[in-house]
Amino acid sequence: MKRRQLNIVQLYPEQMNLYGDYGNAQIICRRAELYGYRVRLVSYNSAPDMANLVKADLILGGGGQDSGQERIKADLVDRGPQLRAWAADGVPMLVICGLYQLFGRRFVTGTGGQIPGISIFDAETVAGSGRLIGNITLESKSFGRIVGYENHSGLTTLAPGVAPFGRVRSGDGNNGRDGTEGARADHVIGTYLHGSLLPKNPAVADWLLARAVERAGGTWESERPGGLDERADAWAERARRVAASRPR
Ligand code: GLN
């Protein structure tokens with residue numbers, strides 16, 4: 001029996017897609033198919049794509065340079081109320097680095113520019129004098145060890161009570177100071193981890209998929225139908241091992 005179709009939306013791929021972040025969408029689609037779900041992957045870059053966005057069962061967004069963030073800021077602010085409403089209503093979202101920053105209250109750039117955020121996360125980002133770059137590993141109660149790569153000037157501070165995505169085991173994370181990395185609110189995950197994140201962290205991918213299936217009115221069935229493809233897990237495990245073994 002074919003399980004429900006899932007509508008996956010990639011947010012601003014034309015401007016916000018650094019360090020392979022589009023790989024997150026590719027892995028979500030591949031794992032959904034392995035579990036027997038049909039998927040429809042579409043993009044939202046500006047208002048004419050609104051018909052795609054309103055059908056989202058899962059929203060993914062990548063990182064971007066300050067210039068890319070400047071180019072999307074006006075449209076993102078326009079979409080802010082709707083995205084906040086969907087987040088509060090349980091739509092799962094994963095946003096990386098530059099979009100993670102703009103899902104907070106604002107990003108103050110290295111040249112003093114103020115890029116407004118949409119306040120899904122009660123967090124603020126201010127560019128530091130250098131960049132936080134390198135391989136990074138986290139520990140997370142929900143997902144165990146998380147591996148990835150970070151490259152950002154922004155130093156993010158979470159307001160009291162805002163849950164991080166994980167705690168830094170090696171690397172810098174939100175600000176290189178308080179040991180937090182990323183943020184979580186409802187079913188929304190924000191993180192600095194590029195790489196892309198999901199191929200090396202299948203537990204996060206499957207958690208997002210489960211929320212998307214529930215959003216589409218289904219019940220998450222983690223057993224794969226016939227034709228089990230264990231190679232996918234073997235490749236993910238191998239990628240994790242290699243990434244975790246890499247020096248900073
Ligand atoms: N431009 C932002 C910064 O430098 C985000 C960078 C990114 O998305 N990798 O912090």
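Atoms within each ligand, like the ligands themselves, are counted from 1 in listed order.
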Could you give the N/O to N/O pairs under 3.5 Å linking ligand 1 and the protein, each with its distance?
unit_1	atom_1	unit_2	atom_2	d
ligand 1	1 (N)	Gly64	O	3.1
ligand 1	1 (N)	Asp66	N	3.3
ligand 1	1 (N)	Asp66	OD1	2.5
ligand 1	1 (N)	Gln69	OE1	2.8
ligand 1	4 (O)	Arg131	NH1	3.4
ligand 1	4 (O)	Arg131	NH2	3.2
ligand 1	4 (O)	Ser153	N	3.2
ligand 1	4 (O)	Ser153	OG	3.2
ligand 1	8 (O)	Gly64	N	2.8
ligand 1	8 (O)	Gly64	O	3.1
ligand 1	8 (O)	Gly98	N	3.0
ligand 1	9 (N)	Asn151	O	3.0
ligand 1	9 (N)	His194	NE2	3.0
ligand 1	10 (O)	Gln101	NE2	3.0
ligand 1	10 (O)	Ser153	N	3.0
ligand 1	10 (O)	Ser153	OG	3.4
ligand 1	10 (O)	Gly154	N	3.0

Between [X] and [Y], is there a donor-acceptor pair closer than 3.5 Å when you use the side chain of the first and the backbone of the second?
{"X": "Asn24", "Y": "Leu197", "answer": "yes"}
{"X": "Asp21", "Y": "Gly63", "answer": "yes"}
{"X": "Asn7", "Y": "Arg40", "answer": "no"}

Starting from Val126 and following side-chain heavy-atom contacts under 4.5 Å between hydrophobic residues (I, L, V, M, F, W, Y), which residues can be reached?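 Noted: Val126 shares its cluster with Val108.
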Members other than Val147 in its cluster, when Ile, Leu, Val, Met, Phe, Trp, Tyr link by side-chain heavy atoms under 4.5 Å?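 Once heavy-atom contacts under 4.5 Å are chained together, Val147 still belongs with nothing else.
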Using the side chain to side chain donor-acceptor pair (under 3.5 Å) rule, collect all pairs that involve residues 205-215, keeping only residues at least two apart or in two chains.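 Found Arg31-Asp206, Tyr35-Asp206, Asp89-Arg215, Arg211-Glu214.
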